[in-house]
Novice: 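Sharing a structure here in structure tokens format.
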Number of protein chains: 4
Amino acid sequence: MTEALERFLSDLDAEIRKHGNWGEVADYIPELARVDPAQFGIAVSLADGRIVTAGQARQQFSIQSISKVFSLACVLGRIGEQVWTRVGREPSGRPFDSILLLEQEHGRPRNPFINAGAIVTTDELLTGRQPKEALSEILAFVRAAAEDDDIHIDKAVARSEAETGFRNVALANYLKSFGNLRNQPEMTLGTYFHQCAIEMSCVQLARAGRVLAGLPDAPRLLTALKSRRINALMMMCGHYDGSGDFAFRVGLPGKSGVGGGILLIAPERASIAIWSPGLNVYGNSMMGTHAAEQLARRMEWSVFGS
Amino acid sequence: MTEALERFLSDLDAEIRKHGNWGEVADYIPELARVDPAQFGIAVSLADGRIVTAGQARQQFSIQSISKVFSLACVLGRIGEQVWTRVGREPSGRPFDSILLLEQEHGRPRNPFINAGAIVTTDELLTGRQPKEALSEILAFVRAAAEDDDIHIDKAVARSEAETGFRNVALANYLKSFGNLRNQPEMTLGTYFHQCAIEMSCVQLARAGRVLAGLPDAPRLLTALKSRRINALMMMCGHYDGSGDFAFRVGLPGKSGVGGGILLIAPERASIAIWSPGLNVYGNSMMGTHAAEQLARRMEWSVFGS
Amino acid sequence: MTEALERFLSDLDAEIRKHGNWGEVADYIPELARVDPAQFGIAVSLADGRIVTAGQARQQFSIQSISKVFSLACVLGRIGEQVWTRVGREPSGRPFDSILLLEQEHGRPRNPFINAGAIVTTDELLTGRQPKEALSEILAFVRAAAEDDDIHIDKAVARSEAETGFRNVALANYLKSFGNLRNQPEMTLGTYFHQCAIEMSCVQLARAGRVLAGLPDAPRLLTALKSRRINALMMMCGHYDGSGDFAFRVGLPGKSGVGGGILLIAPERASIAIWSPGLNVYGNSMMGTHAAEQLARRMEWSVFGS
Amino acid sequence: MTEALERFLSDLDAEIRKHGNWGEVADYIPELARVDPAQFGIAVSLADGRIVTAGQARQQFSIQSISKVFSLACVLGRIGEQVWTRVGREPSGRPFDSILLLEQEHGRPRNPFINAGAIVTTDELLTGRQPKEALSEILAFVRAAAEDDDIHIDKAVARSEAETGFRNVALANYLKSFGNLRNQPEMTLGTYFHQCAIEMSCVQLARAGRVLAGLPDAPRLLTALKSRRINALMMMCGHYDGSGDFAFRVGLPGKSGVGGGILLIAPERASIAIWSPGLNVYGNSMMGTHAAEQLARRMEWSVFGS
């Protein structure tokens with residue numbers, strides 16, 4: 001299988017570079033707005049321990065919202081099911097930075113993968129601790145999952161978002177007004193912006209995803225039940241108001257980031273990371289989604305049947 | 001495996017009958033309001049062709065919204081992808097009979113498994129045909145899928161809903177006002193109410209679901225791609241605003257009906273039908289959801305990992 | 001004053017005919033879609049009993065939503081304050097035929113001057129009576145107020161709306177589903193469509209409005225308190241989501257109809273009727289609003305100061 | 001008239017102190033939460049120049065949202081109609097601190113009397129100036145209108161709101177994210193919190209309101225057109241989602257503040273200020289609204305007829 005996959009990824013990379021309809025990079029974070037949208041990388045970590053790649057698979061990028069998966073994993077490890085008193089588990093059907101439902105639902109975000117929900121998750125991680133410690137925990141989790149210590153936070157990106165992330169400032173203060181933020185908004189947001197600014201390559205991210213895919217060589221960082229539940233949340237809410245379309249086309253749980261990354265899980269089969277910075281209307285990677293669809297179809301990895 | 005499953009289902013049935021927190025039956029359709037909520041049946045159709053049951057697995061009940069899966073299958077067979085110009089594929093995050101998003105989204109329902117979307121699907125099936133013919137097609141599909149001709153429409157239930165289904169009348173007329181209904185509202189609704197009034201037992205429904213599970217002994221009525229896509233829609237939207245919770249707890253695509261039925265698909269492994277008429281707050285079967293969760297966990301059938 | 005007013009109205013008529021930006025006629029009622037938008041008439045009934053007119057002031061037109069004022073007056077006469085248990089008194093901030101708030105507010109329309117609220121008002125008038133009797137009461141009120149028996153219902157318009165008024169059918173059925181409609185939706189709607197199809201000229205309408213303006217020669221049909229309250233509702237909700245703009249520009253309570261009519265009340269000074277069938281984006285008469293603004297400013301009739 | 005009014009106010013004061021159902025003080029600003037709700041004062045400034053009072057008419061209180069009327073007046077003086085490109089003129093039908101419509105309407109607040117709209121107005125006043133200068137302009141306007149220099153800002157209240165006004169911080173940042181805030185959110189908010197913390201007595205406020213009532217002895221600070229328009233906005237939007245109810249019961253343009261004050265305008269007749277810190281569900285003074293209703297009825301001052 002590995003050879004066929006290698007050939008497929010190589011062809012996919014070539015096809016995308018030739019015919020790519022790249023989309024546009026996020027412009028609300030100045031540091032990300034400078035990135036060239038016409039880039040592509042992919043890495044697939046398989047059950048047999050091998051990793052197959054194509055394109056710029058070792059180029060690091062800003063994982064942004066993909067970090068929400070890791071911060072949720074840390075929170076579930078720390079306080080478990082209690083987190084659901086502060087955040088829901090339903091798709092929101094609204095953009096990633098929507099504030100509307102927060103008013104209608106009295107400050108309880110729909111799920112931990114939209115911005116409001118992830119801010120709550122990060123706030124929970126800060127309970128009784130300083131930002132530095134919470135960030136260390138997330139980084140430690142990611143490094144342990146990837147078995148790679150060369151994963152860091154790009155402070156320039158964190159700073160850039162802190163300067164212009166007015167909508168996130170609005171969300172945090174709005175949560176605070178409902179009593180669903182324990183710390184001062186600035187403190188939680190500072191931590192959140194840094195967590196989003198973690199840089200990883202496709203290879204690193206695919207390796208980190210093994211704990212969710214339940215691959216045999218994955219470090220034992222999560223129980224099987226927790227992995228399943230995080231995967232379920234990724235399927236239902238991982239692509240915001242484009243989650244239904246992603247499930248329809250790809251058929252695998254995934255989480256996108258505004259930096260152009262997608263973490264894709266084929267349970268018990270593979271952990272996949274794709275990166276292409278140009279985005280579609282939902283704020284998800286345009287060519288990344290295309291590649292995910294092609295890969296899932298070619299490998300018959302859809303969880304909905306082959 | 002079959003023996004272990006038999007024992008498990010039998011124990012589950014006993015436990016539910018002993019400790020069942022049954023919920024309440026739907027009261028907006030008078031004919032359904034009379035049903036005793038404290039009933040339970042389950043049937044599991046396996047890949048080896050066997051069917052394992054417990055409880056009132058041969059008792060027929062009104063499949064109601066589960067019929068939306070079959071009418072969508074018929075429409076996809078008839079016009080294919082074109083249907084998505086009239087209805088979306090995203091979870092709505094709202095109750096099954098909500099009309100709010102229809103105003104905000106100019107008459108295009110979010111997905112084919114909420115009432116508004118299913119009315120559009122049925123309307124599409126009526127193109128160039130009489131209600132009788134459209135209903136015959138749906139019935140023929142269900143009978144062929146179940147390989148059982150003893151499946152009928154309960155006209156008293158259809159009539160009962162026609163008399164009191166004011167919210168559905170509102171939805172159909174609202175769709176018409178946006179030009180997203182081709183036929184007169186009464187005609188489409190009459191067909192829709194009859195389709196919802198199909199009666200099936202758990203055994204019949206589990207057998208009909210084999211085409212979605214892609215079981216070896218299933219009649220060839222759908223391509224693999226279509227089955228996968230319908231399963232994806234069931235996962236994302238099959239339980240209305242409780243879809244996220246269902247995915248989190250059960251981890252399998254499913255579709256519920258207000259009559260207390262749930263069709264559950266474990267791709268390539270099993271097709272499951274559960275019935276218990278008492279409902280939870282989302283309008284989904286209370287004990288049915290409980291049984292689905294127990295079964296998926298015990299058999300390690302979650303699509304999100306074992 | 002009368003002479004100055006005569007000259008002003010005559011000049012206004014000439015100016016509008018010369019430079020009129022007429023807007024477009026309503027197209028959702030086929031019978032109204034045929035009307036030429038480039039028409040204009042105005043009649044002002046003064047406190048001294050005189051009536052001053054310009055343009056097509058004696059041309060009858062479909063009063064449509066202006067009838068909501070008269071049906072509310074009848075209901076207030078019949079059951080008084082009790083009506084507020086079924087309908088609110090707040091501006092809705094949404095289009096006249098919006099259904100969205102009805103879902104959020106559990107079937108209680110925001111006010112009696114949007115369609116949903118007027119349907120409830122008419123339904124209340126039908127309590128214990130046949131449509132014919134309810135319609136007779138409304139007609140009798142209008143004729144008595146105008147002291148003119150030559151006011152009738154245009155049945156072709158009523159029929160036309162009954163055939164195509166899908167959104168109103170949706171509203172009535174939606175209200176019924178919440179238990180906020182006592183009669184069958186078809187019966188209430190039939191009455192409502194007929195009430196909207198009352199035909200009046202500007203002269204007739206201006207004379208009918210005297211009871212709201214509290215003019216000395218007005219028939220005693222309403223208490224002063226009731227008139228004030230209806231005027232308050234007209235100010236707050238008389239022009240749907242354009243009510244704020246109308247108050248800002250005109251400064252008088254008014255009620256518009258999709259047939260292009262506007263009833264305007266200058267308390268204790270005048271009752272004014274304007275007609276021009278072309279509509280603006282809110283569904284209110286384009287040139288009618290313009291004329292109202294010019295007249296109020298010229299006569300210093302704004303209730304907000306001179 | 002003055003004598004009858006004196007007697008009426010004195011009786012009203014006595015009745016309220018005896019039977020007052022005071023409501024509860026605002027609790028989201030700690031400094032205001034300490035105020036005793038069971039207080040009442042009223043001052044009526046008449047066209048003949050006299051001022052009639054009852055109760056604690058000389059007790060200063062935090063005018064809070066009533067300041068929005070004065071900041072709007074300053075902005076209209078400075079840039080005129082241009083302000084309407086940034087803020088609307090329609091009632092919002094939502095609570096004073098709602099953020100929901102801001103998302104649906106892309107950052108343009110419905111009107112200048114809800115918090116979001118008033119933040120935009122204040123932001124406009126800061127164009128090319130420091131907070132101190134903008135605040136000086138507002139204070140200068142209020143003092144000139146009241147012809148009283150003893151009007152100041154309570155810095156403890158401003159500080160208190162700055163520490164806990166998370167919802168306003170959310171609104172300002174959300175506006176900024178849409179590009180509808182020119183200055184840094186903290187700067188605009190700091191100014192806004194100080195403007196809201198102006199302290200006035202009923203006597204001072206009633207005297208300041210003369211410019212809106214167009215009383216003969218009012219300083220010439222606003223054109224008649226501007227006064228009329230501000231009055232129209234007060235009528236339509238001055239009491240948030242309770243504006244319709246206020247118009248129905250009182251029939252006069254008014255603006256409430258969360259400190260328990262109400263400024264009430266009877267055009268060409270009187271400017272009235274009422275204060276009672278206990279609030280109703282809409283966040284408007286409970287006994288203040290009661291007093292306004294009694295006064296308007298007794299004096300036949302409703303703009304909707306006598």
Side-chain angles (χ1 to χ4, degrees), chain B residues 26-30 32-33 92-110 114-116 119-120 123 160-190 192-193 240-241 258 281 283, chain C residues 26-30 32-33 92-110 114-116 119-120 123 160-190 192-193 240-241 258 281 283:
Chain B
D27 58 0
Y28 80 102
I29 306 178
L32 297 182
S92 69
R94 302 279 317 161
F96 64 96
D97 57 2
S98 177
I99 203 163
L100 186 148
L101 288 174
L102 219 45
E103 175 163 336
Q104 292 181 330
E105 300 179 357
H106 312 290
R108 185 170 181 260
R110 273 284 175 99
I114 50 173
N115 290 16
I119 290 169
V120 163
D123 184 65
S160 181
E161 186 160 7
E163 277 161 19
T164 59
F166 301 110
R167 207 155 297 185
N168 285 322
V169 179
L171 287 169
N173 278 278
Y174 205 61
L175 287 163
K176 184 76 177 172
S177 79
F178 280 107
N180 197 8
L181 209 73
R182 298 220 180 101
N183 303 284
Q184 282 302 306
E186 303 74 44
M187 181 168 152
T188 301
L189 277 175
Y192 175 71
F193 290 148
Y240 319 117
D241 46 338
V258 82
V281 284
Chain C
D27 58 359
Y28 81 100
I29 305 176
L32 297 183
S92 69
R94 302 279 317 160
F96 63 97
D97 57 1
S98 176
I99 203 163
L100 188 150
L101 288 174
L102 218 46
E103 174 163 337
Q104 292 181 330
E105 299 178 358
H106 311 290
R108 186 170 180 260
R110 272 284 175 100
I114 49 173
N115 290 16
I119 290 169
V120 163
D123 184 66
S160 181
E161 186 160 8
E163 277 161 19
T164 58
F166 301 110
R167 207 155 296 184
N168 285 322
V169 180
L171 287 168
N173 278 278
Y174 205 63
L175 287 163
K176 184 76 176 172
S177 80
F178 280 107
N180 198 8
L181 209 73
R182 298 222 178 99
N183 303 285
Q184 283 302 305
E186 303 75 44
M187 181 168 152
T188 300
L189 277 175
Y192 176 70
F193 290 148
Y240 319 117
D241 45 339
V258 82
V281 287

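Naming: A, B, ... by sequence-line order, numbering from 1 per chain. Quantities reported herein were computed from a predicted structural model and do not represent experimental measurements.
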Novice: Report every donor-acceptor pair between chain C and chain B with a separation under 3.5 Å, backbone and side chains included.
Specialist:
residue, atom, partner, partner atom, Å
C:Arg94, NH2, B:Glu103, OE2, 2.6
C:Ser98, OG, B:Glu103, OE1, 3.1
C:Ser98, OG, B:Glu103, OE2, 2.6
C:Ile99, N, B:Glu103, OE1, 2.7
C:Leu100, N, B:Glu103, OE1, 3.0
C:Glu103, OE1, B:Ser98, OG, 3.1
C:Glu103, OE1, B:Ile99, N, 2.6
C:Glu103, OE1, B:Leu100, N, 3.0
C:Glu103, OE2, B:Arg94, NH2, 2.6
C:Glu103, OE2, B:Ser98, OG, 2.6
C:Arg167, NE, B:Ser177, OG, 2.9
C:Arg167, NH2, B:Ser177, OG, 3.0
C:Ser177, OG, B:Arg167, NE, 2.9
C:Ser177, OG, B:Arg167, NH2, 3.0

Novice: Just jot down the side chain to side chain contact (heavy atoms under 4.5 Å, CB included) partners of B:Ala172, sequence neighbours excluded, or say none.
Specialist: B:Ile119, B:Leu181, B:Pro185, B:Leu189
Novice: Chain C: which of B:Leu102, B:Val169, B:Leu171 shares the most heavy-atom pairs with it under 4.5 Å?
Specialist: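 Most heavy-atom pairs under 4.5 Å with chain C: B:Val169.
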